[in-house]
2 protein chains.
Amino acid sequence: MTRKLRRDSETPAPDRADGPSRRATILDVARAAAVSPATVSRVLTGRKPVSGELSQRVRRAASGLRYHPNPAAQVLLRGKHDTIGVVVPDLANPFFSEVLKGVTAGAASEDRQVLVVDSNEDPLEEHRGAMRLARWVDGLVLCSPRMPAALLKEVADTGTPLVVVNRGTRDPRIDRVLVDYHGGMRDLCDHLIALGHERVAYLEGPVDAWSEQQRQRALRAAGKRGLQVLGIPCGSGMADGYQATETALETQPTAVMAFSDYVALGALTRLAELGVSVPGEISLTGFDDIPFAALAGPGLTTATVRKAQIGDLGWRQLHERLEDHRKPGTVTVPSHLVVRGTTGWSRPSA
Amino acid sequence: MTRKLRRDSETPAPDRADGPSRRATILDVARAAAVSPATVSRVLTGRKPVSGELSQRVRRAASGLRYHPNPAAQVLLRGKHDTIGVVVPDLANPFFSEVLKGVTAGAASEDRQVLVVDSNEDPLEEHRGAMRLARWVDGLVLCSPRMPAALLKEVADTGTPLVVVNRGTRDPRIDRVLVDYHGGMRDLCDHLIALGHERVAYLEGPVDAWSEQQRQRALRAAGKRGLQVLGIPCGSGMADGYQATETALETQPTAVMAFSDYVALGALTRLAELGVSVPGEISLTGFDDIPFAALAGPGLTTATVRKAQIGDLGWRQLHERLEDHRKPGTVTVPSHLVVRGTTGWSRPSA
DNA sequence: TTGTATGCGTTATCAA
DNA sequence: TTGATAACGCATACAA
């Protein structure tokens with residue numbers, strides 16, 4: 001026994017008063033235009049030829065019924081989502097929100113949509129979010145993922161094309177967009193060395209972050225050039241920078257280098273509270289050059305990097321991979337030293 | 001003549017070498033577990049009773065094949081997307097990225113996903129984005145939408161449940177989350193009045209923004225209390241604040257009030273460049289209390305508002321509406337004066 | 001408790 | 001050029 005289709009119901013309830021009237025389907029349009037659903041589809045997709053006569057009727061009926069195709073049905077049929085996913089550690093961090101802005105701008109320009117997940121700096125949440133998103137999207141951009149390599153592999157194993165931002169990996173299936181943290185940190189260190197600094201405290205970022213490893217690599221290299229660097233466990237938030245600052249001062253440095261501008265701004269707040277003059281007593285550096293770095297009191301010395309470009313490149317790698325089946329590769333974004341007011345000549349207080 | 005199903009193909013290509021092996025479907029699992037697809041579905045959804053025996057087999061097969069149900073098929077069948085949409089004017093503006101963070105946090109806590117659109121402050125783009133998203137989501141949160149009422153109505157007409165943040169509307173189908181801009185601006189004005197200010201320039205936000213109208217209402221009221229306010233066309237970006245500042249100074253005010261902190265930080269930059277001392281020669285106020293407001297040089301006097309809470313409330317209204325079919329309503333978020341360093345006694349320079 | 005069959009809304013294939 | 005129909009992958013009503 002065949003169940004009746006709802007639309008074949010004997011009580012059609014024509015134009016029900018105000019109810020949440022069911023969305024029009026292609027069959028409604030077909031009926032209204034007195035053509036077959038296939039013809040409606042052909043008119044609307046515009047791929048196959050249809051006579052002007054019918055085309056008119058269909059268009060009229062479609063707009064009259066406010067018809068728009070059901071994306072879920074299209075996705076099911078075509079296997080394409082027209083959607084990409086982005087996972088970021090913290091949307092409140094201007095670095096990531098600007099990267100995200102870059103991705104969305106690119107995606108929107110090609111009529112793609114963006115699903116976003118904020119992992120709250122939690123590697124497991126990051127992995128869960130990525131795995132869940134993988135079923136909903138054509139491709140995934142993972143920003144500064146902190147998850148272990150094994151979990152990253154698991155994400156890649158879903159078969160969803162993957163772009164990682166600021167994460168090294170040998171997996172040949174994964175595209176990479178990397179910032180030159182090593183070069184940026186080297187320049188910052190040399191800048192401090194030139195100012196006579198010999199002993200600096202470094203507010204460390206998340207240990208799992210690839211970019212953190214790059215920075216530390218540069219710091220070790222600077223050690224050989226005469227800069228003594230003391231690592232202070234910190235984190236990637238403003239609050240982390242705020243809290244780690246006092247510990248950093250206990251090491252009697254003449255300068256504090258922060259993982260990022262976001263962290264540095266937290267540190268700057270604490271330094272002001274403690275009555276430590278910057279750069280009089282202590283110099284301070286950040287990284288990323290977020291828009292507010294320039295405004296902070298003396299203006300933060302940092303390494304600038306084009307954040308929206310990072311997002312745009314992430315989108316482009318994904319797009320080219322999806323459309324042209326290009327092989328994954330790596331693109332590197334440069335960073336440049338920006339000297340502002342938080343760095344000055346070393347004046348050891350001891 | 002019936003086309004053969006791909007999975008009934010006579011050349012099954014069992015475990016094809018390395019290719020992008022087709023994702024497992026429920027049928028694959030059913031076959032592997034030697035049960036019917038219905039049973040697989042029952043086990044995985046957990047709604048209907050299944051014997052422990054089969055349940056085991058199914059689970060094993062499913063995880064062995066790394067099976068996850070195809071969301072598109074579920075959406076098509078259930079008519080639910082488990083996804084909501086968020087439209088913001090500018091992701092680079094910390095106010096909006098924090099509101100977005102609030103929404104995503106709420107949505108994630110209930111296993112929903114978030115599609116995000118950045119309209120770049122363009123009302124038409126905003127409308128287009130919302131209309132496109134409407135087909136993909138269960139509900140929509142529009143943050144500070146600037147689109148005309150007619151277009152907003154058009155979005156509501158799609159039938160997609162709608163929450164607007166910081167936008168008034170009489171449409172009874174739309175939920176509202178509103179910040180008390182009027183109260184916040186009143187407090188800021190009174191603060192300036194108490195400091196002896198009589199003539200201030202106001203850097204106006206987007207004319208289409210509801211929140212801008214609320215602010216201007218408060219400014220007019222302050223006019224009756226003796227504060228002369230001169231409107232300076234500006235905008236909602238940092239660059240807008242930067243550029244409008246010089247014009248504002250030409251009106252010889254003793255204080256500048258900005259549409260938002262974001263704008264105020266731009267103004268502060270320009271004031272510093274022009275060598276105008278704050279608050280010595282000019283006092284400055286913002287609105288929102290973004291995290292960087294406290295750090296800017298003297299520390300920005302502003303009205304604070306809980307941004308993540310706004311997002312959370314937006315999510316909750318949507319959620320309750322979707323789950324409990326509650327009627328739309330309005331919730332108002334308070335704002336509180338925060339006096340920092342950018343406001344001081346009026347010292348007319350003229 | 002389990003299996004069979006059907007439809008969600010769309011597009012592609014085939015026949016006319 | 002158009003129309004009928006079969007899939008896409010899943011969850012449910014129904015039969016067993």
Side-chain angles (χ1 to χ4, degrees), chain A residues 1-9 22-58 61-62 65-82 135-136 138 159, chain B residues 1-9 22-59 61-62 65-82 135-136 138:
Chain A
M1 199 186 306
T2 301
R3 259 189 302 168
K4 289 210 172 214
L5 298 181
R6 198 163 20 145
R7 55 178 165 276
D8 286 342
S9 164
R22 185 176 56 86
R23 261 168 180 151
T25 74
I26 201 171
L27 278 176
D28 299 318
V29 178
R31 191 153 320 154
V35 296
S36 80
T39 298
V40 176
S41 177
R42 285 189 276 249
V43 170
L44 267 32
T45 62
R47 295 202 196 307
K48 309 274 166 150
V50 178
S51 72
E53 158 74 13
L54 291 195
S55 187
Q56 284 296 329
R57 288 222 306 268
V58 167
L65 293 171
R66 280 206 178 71
Y67 169 76
H68 295 270
N70 181 328
Q74 295 178 314
V75 168
L76 185 56
L77 198 57
R78 307 203 294 233
K80 277 197 48 183
H81 296 261
D82 289 354
R135 307 277 317 168
W136 291 84
D138 297 320
Chain B
M1 199 185 308
T2 300
R3 256 189 306 167
K4 290 210 174 215
L5 298 182
R6 198 169 14 148
R7 54 180 167 274
D8 286 344
S9 165
R22 183 176 58 86
R23 261 169 180 151
T25 75
I26 200 172
L27 278 177
D28 299 318
V29 178
R31 191 155 318 155
V35 297
S36 80
T39 298
V40 176
S41 175
R42 285 190 276 249
V43 170
L44 267 33
T45 61
R47 296 202 194 306
K48 308 277 166 149
V50 178
S51 74
E53 158 73 15
L54 291 194
S55 187
Q56 284 296 328
R57 288 221 309 266
V58 168
R59 262 180 242 287
L65 292 172
R66 281 208 177 71
Y67 169 76
H68 294 271
N70 181 326
Q74 295 179 314
V75 168
L76 186 56
L77 199 56
R78 306 205 291 234
K80 279 196 48 182
H81 297 261
D82 289 353
R135 306 281 315 171
W136 292 83
D138 297 320

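Every chain is numbered from 1 and lettered A, B, ... according to where its sequence line falls, protein lines coming before strand lines.
In this structure, B/Asn70 atom CG and D/dG9 atom P are separated by 7 Å, rounded to whole Å. Distance, A/Leu65 CG to C/dT10 C1': 17 Å, rounded to whole Å. In this entry the distance linking CG of B/Leu27 with C1' of D/dG9 reads 8 Å, nearest Å. Atom pair A/His81:NE2 and D/dG9:P shows a separation of 11 Å (rounding to whole Å applied). One can place CZ of B/Arg31 at 12 Å from P of D/dG9, the figure rounded to the nearest angstrom. One interatomic measurement links the two molecules: CD1 of B/Ile26 to P of D/dC8, which rounds to 14 Å at whole-angstrom precision. As a whole-Å value, the separation of B/Trp136 CH2 from C/dG9 C1' is 13 Å. Atom CD of A/Glu53 and atom P of D/dG3 are 11 Å apart (whole Å).
Put simply, the side chain of B/Arg42 and the base of C/dG3 share a donor and an acceptor less than 3.5 Å apart.
Taking the nucleotide of DNA chain D with the nearest heavy atom to each of B/Tyr67 and B/Lys48, the more 5' of the two is matched to B/Tyr67. For the pair A/Pro37 and A/Val50, nearest-nucleotide mapping onto DNA chain D gives the more 5' position to A/Val50. Positionally, the nearest nucleotide of DNA chain C for B/Ser36 lies more toward the 5' end than for the other of B/Ser36 and B/Ala73.
The side chain to side chain contact (heavy atoms under 4.5 Å, CB included) test with A/Ser41 singles out one residue from A/Thr45, A/Val43, A/Leu44, and that residue is A/Thr45.
Residue contacts for B/Val40: at a heavy-atom cut-off of 4.0 Å it reaches no nucleic acid atom on any strand shown. The residue A/Arg47 sits apart from the nucleic acid: no heavy atom pair falls under 4.0 Å. Using a 4.0 Å heavy-atom cutoff across all strands shown, B/Val35 reaches sugar-phosphate atoms only and no base atom. In this structure, A/Ser51 reaches the sugar-phosphate backbone alone: every heavy-atom distance under 4.0 Å involves primed, P, OP1 or OP2 atoms, never a base.
Here the CG atom belonging to A/Leu76 is positioned 9.5 Å from the NE2 atom belonging to A/His81, to the nearest 0.5 angstrom. Taking CG of A/Leu65 as the start and CZ of A/Arg23 as the end, the distance is 14.0 Å to the nearest 0.5 Å.
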Could you give me the CA-CA distance, side-chain angles and deciding distance for A/Thr39 and A/Arg42, then say whether side chain to side chain contact (heavy atoms under 4.5 Å, CB included) is met? CA-CA 5 Å; A/Thr39 298; A/Arg42 285 189 276 249; 3.8 Å; yes

Take B/Val40 and B/Val35 through the test side chain to side chain contact (heavy atoms under 4.5 Å, CB included) and record every step on the way to the result. CA-CA 7 Å; B/Val40 176; B/Val35 297; 3.8 Å; yes

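Under 4.0 angstrom from either OP1 or OP2 of C/dG9 there lies no side-chain N or O belonging to A/Gln74. Taking 4.0 angstrom as the limit, B/Thr39 places a side-chain polar atom (N or O) nearer than this to OP1 or OP2 of C/dG3.
When each of C/dT4, D/dC10, D/dT2 is scored by its nearest atom to the side-chain atoms of B/Ala38, the top-ranked nucleotide is C/dT4.
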